[in-house]
Amino acid sequence: MKEANLSDYEKVYKDFDWEVLQSNMTGLPEGKGLNIAFEAIDRHAESELKDTLAIRIVRKNLSYDDFTYGQLKTLTSQFANVLKDLGIVEGERVFSLLGRVPELYIAALGTLKFKGVFCPLFSVFGPEPIFQRLSKGDAVVLITNTQFYLKKIKGILEKLPSLKHIIIIDAEEDLDAQALSFRRLMEKGSEKFSIPPTDPEDPALLHFTSGTTGMPKGAIHVHQAVLTHFITGKYVLDFQKGDVFWCTADPGWVTGTSYGIIAPLVNGVTSIVDEEEFDAMRWYSILEKEKVNIWYTAPTAIRRLMRMELVPKEKFDLSHLRLVLSVGEPLHAEAVTWGENAFGVPVLDNWWQTETGGIMIANYRSMKVKPGSMGKPLPGVIAAVGDVEGENIQIHRQPETQGHLVLKKSFPSIFRGYLHEEERYKKCFKGDWYLSGDLAKIDKDGYFWFVGRADDIIKTSGHMVGPFEVESSLMKHPAVAEAAVIGKPEPSIGELVKAFVVLKAGQLANEDMELELIGFARKSMGPAVAPKEIQFVESLPKTKSGKILRRLLKARELGLPEGDLSTLEN
Ligand code: ATP
Ligand code: MG
């Protein structure tokens, strides 16, 4: 096996300098700046990678739509010209409402070339969440298909005066004056496009957060974020020449754009996209057939795979897999070790957020994995835990002390604003630090451990309990498939720890099981932290990106308003 790109973490961390990295990027010709799409496509299309497969989309019927770097260059230039011909102005926002089809990728990269701001929406949203986002994002162009246009868009158009053009990918002819045929527009669009001068600080992407803790926020990212995409691709995903990479996330979430589009292309590897939703057997066959080397997925998918009896590496040839990675939620220690048996490689957890634009804390291929830990900060990222004191952060120097997870704001992909929420944006920063909203601990070896979201923390009998700790310990019980823990107000102790548990198939949800689980948790965690109440449920409420919605469990438990449910999974 090839040596890892990041073979000596400590040394690289010590010497890392973003300015040196920026000066080593190709950059637009004649020193005209730094543009994500140029780094991702055009520079490769002019190199020996021209005929290399850049993106392979596996369609629902398992046929392929393949694009080389050379072909992508032409198609994205045509799309940039489409925007130009429509009279769109640089900086205006282009939204997409599409499944994982070729036009989504062409539009995303073409918009970045043109210097529009791209905002991908998850295609299963209904009209109301779509309206909220198009309206908040001042969308000028929307690219979608006929079905979505008729079912989800037509009815809200009247309320969207700034939306000028709708581009319909499957219409042979224009549907009306506003809804135009993609094919027609592309035919007219020239194949040559010269990327305008791009300042690294020019806005590039707008991403809405998952809405786990409340109303989704619109995070603004700039072209300079490409430095993070590039270097995390090298160090965390360990991209090497000739690699085949598959990120299962939809571009409607930041992972599906930063890692489902940009990072693999910037690193010149081949990226697999599956048009279909989660399907264990289909996924395993894609890993086998496409000879995937690096696979990036999420805890919710891993938990589903773990529930099956199947050991994939016994049924499928997964010998090409070098790395399996996960992001989005805490990854339980069991999942890390399960991976070793199931795939032949451990599942490597990493932590980041819509706001950070790219991976910030990670387990690296070359570093010892401590199952249950998020790993260590990316070279170039300074992370710490501390307490908020007025307008500053008091950093904890003592290992194992729980505190707010904070990052020095000096990395290129930090968001530059919450759209139309300046105050909220400002509140995320204290001095030089960005306050992530998560709580964590650092152990004596410098590994970071997730405790919980600050909003989810439970205060019980003078203890601060992170739901992750309790959930992880319940997950160790062989009958438990999934668990979510909340704090329920209880005057004598502040809050009572309550767990919602999904049992594995064939397990009986009864009082004996409840006592068994409470006893099991008390033994491993102690009576102060173990749940006092357990409720068995068929499934847990999740966001469409697969995150457990603890705030909804809590609201329902307390009979409070359920809040924004636009991202609730069906
Ligand atoms: P919102 O901000 O709207 O409430 P969200 O925070 O879930 O939604 P994202 O930006 O998609 O939106 O998710 C980032 C959050 O996901 C992190 O702040 C963290 O709470 C959680 N997360 C991501 N990766 C990990 C991980 N490896 N371990 C633990 N938590 C993680
Ligand atoms: Mg968040």
Side-chain angles (χ1 to χ4, degrees), residues 120 122 129 132-133 136 205-219 221 232 236 249-259 296-300 302-303 325-333 335-336 347-363 369-378 383 404-407 413-415 418-419 421 424-425 427-428 434-441 447-457 466-469 471-472 484 541-552 563-569:
F122 195 34
Q132 282 171 16
R133 288 164 178 77
K136 190 170 185 181
L205 294 158
L206 171 67
H207 267 295
F208 286 93
T209 60
S210 293
T212 314
T213 50
M215 201 64 166
K217 298 147 271 184
H221 288 284
T232 50
V236 186
D250 187 272
W253 312 113
V254 71
T255 309
T257 301
S258 292
Y259 297 97
Y296 197 13
T297 189
T300 177
I302 292 179
R303 289 193 299 262
L325 306 106
S326 155
V327 71
E329 277 191 302
L331 187 70
H332 306 89
V336 179
V347 184
L348 300 186
D349 185 24
N350 54 73
W351 176 94
W352 57 291
Q353 311 178 299
T354 309
E355 290 85 344
T356 69
I359 301 169
M360 294 284 114
I361 298 177
N363 287 285
V369 177
K370 294 195 189 187
S373 157
M374 309 189 285
K376 294 190 182 187
L378 179 81
H404 286 272
L405 175 55
V406 294
L407 306 169
S413 63
I414 181 81
F415 69 133
Y418 280 136
L419 193 65
E421 294 189 271
R424 190 173 203 175
Y425 174 68
K427 274 199 195 137
C428 296
Y434 163 63
L435 195 58
S436 72
D438 287 342
L439 302 180
K441 285 192 251 189
Y447 284 72
F448 284 63
W449 297 77
F450 184 75
V451 172
R453 292 168 181 267
D455 287 8
D456 288 338
I457 232 58
F468 177 46
E469 188 188 354
E471 290 159 9
S472 297
K542 292 189 183 141
T543 64
K544 289 189 164 74
S545 53
K547 295 166 193 258
I548 298 172
L549 275 163
R550 292 180 193 78
R551 71 167 158 98
L552 184 56
D564 177 70
L565 295 184
S566 66
T567 65
L568 179 67
E569 190 184 50

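Every number for a ligand or one of its atoms is a count from 1 in the order of the listing. One-based numbering along the sequence shown.
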* Asked: So how far is it from L565 CG to T543 OG1, rounded to the nearest 0.5 Å?
  -> 11.5 Å
Side chain, backbone, both or neither: the part of [X] lying under 4.0 Å from ligand 1 by heavy atom:
X	value
F468	neither
W351	both
D438	side chain
K217	side chain
D349	side chain
R453	side chain

* Asked: Mind checking what makes side-chain contact (heavy atoms from CB on, under 4.5 Å) contact with A249, not counting sequence neighbours?
  ->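 side-chain contact (heavy atoms from CB on, under 4.5 Å) check on A249 returns C247, T255.
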With a cut-off of 4.0 Å, which atoms of ligand 1 are near a heavy atom of [X]?
X	result
N350	24 (N), 26 (C), 27 (N)
P330	28 (N), 29 (C), 30 (N)
V327	24 (N)
T212	1 (P), 3 (O), 4 (O), 5 (P), 7 (O), 8 (O)
T354	9 (P), 10 (O), 11 (O)

Closest protein heavy atom (residue, atom, distance) for [atom]:
atom	answer
atom 12 (O) of ligand 1	S210 N, 3.2 Å
atom 4 (O) of ligand 1	T213 OG1, 2.4 Å
atom 26 (C) of ligand 1	E329 O, 3.4 Å

* Structure fact -> Closest heavy-atom approach to atom 14 (C) of ligand 1 among H207, R551, K547, E355 is made by K547
May I ask you to decide if [Y]'s main-chain N or O and [X]'s side chain share a donor-acceptor pair within less than 3.5 Å?
X	Y	result
S436	V406	no
K547	G328	yes
Y434	T356	no

* To do: Could you establish whether G328 and ligand 1 come within less than 4.0 Å of each other, counting only heavy atoms on the residue side?
  => yes
Any nitrogen or oxygen of [X] lying under 3.5 Å from a nitrogen or oxygen in ligand 1? Just yes or no.
X	value
T209	yes
G211	yes
M374	no

Which heavy atom of [X] sits nearest to which heavy atom of [Y], and what is that distance?
X	Y	value
L348	V369	CD2-CG2, 3.5 Å
L206	P120	O-CD, 3.9 Å
G546	E329	O-OE1, 3.3 Å
S326	L331	OG-CD1, 3.7 Å

What donor-acceptor contacts under 3.5 angstrom involve side-chain atoms of residues 208-219, with partners at least two apart or in another chain?
{"from": "T209", "atom 1": "OG1", "to": "K217", "atom 2": "N", "distance (Å)": "2.9"}
{"from": "S210", "atom 1": "OG", "to": "S545", "atom 2": "OG", "distance (Å)": "3.1"}

* Just say parallel, tilted or perpendicular for the rings of W352 and Y259, cut-offs at 30° and 60°. =>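 Because their plane-to-plane angle is over 60°, the rings of W352 and Y259 count as perpendicular.
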* Below 4.5 Å, heavy atoms only, C-beta onward: do K370 and W449 meet side chain to side chain? ->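 The answer is yes, as the side chains (C-beta and beyond) meet within the 4.5 Å cut-off.
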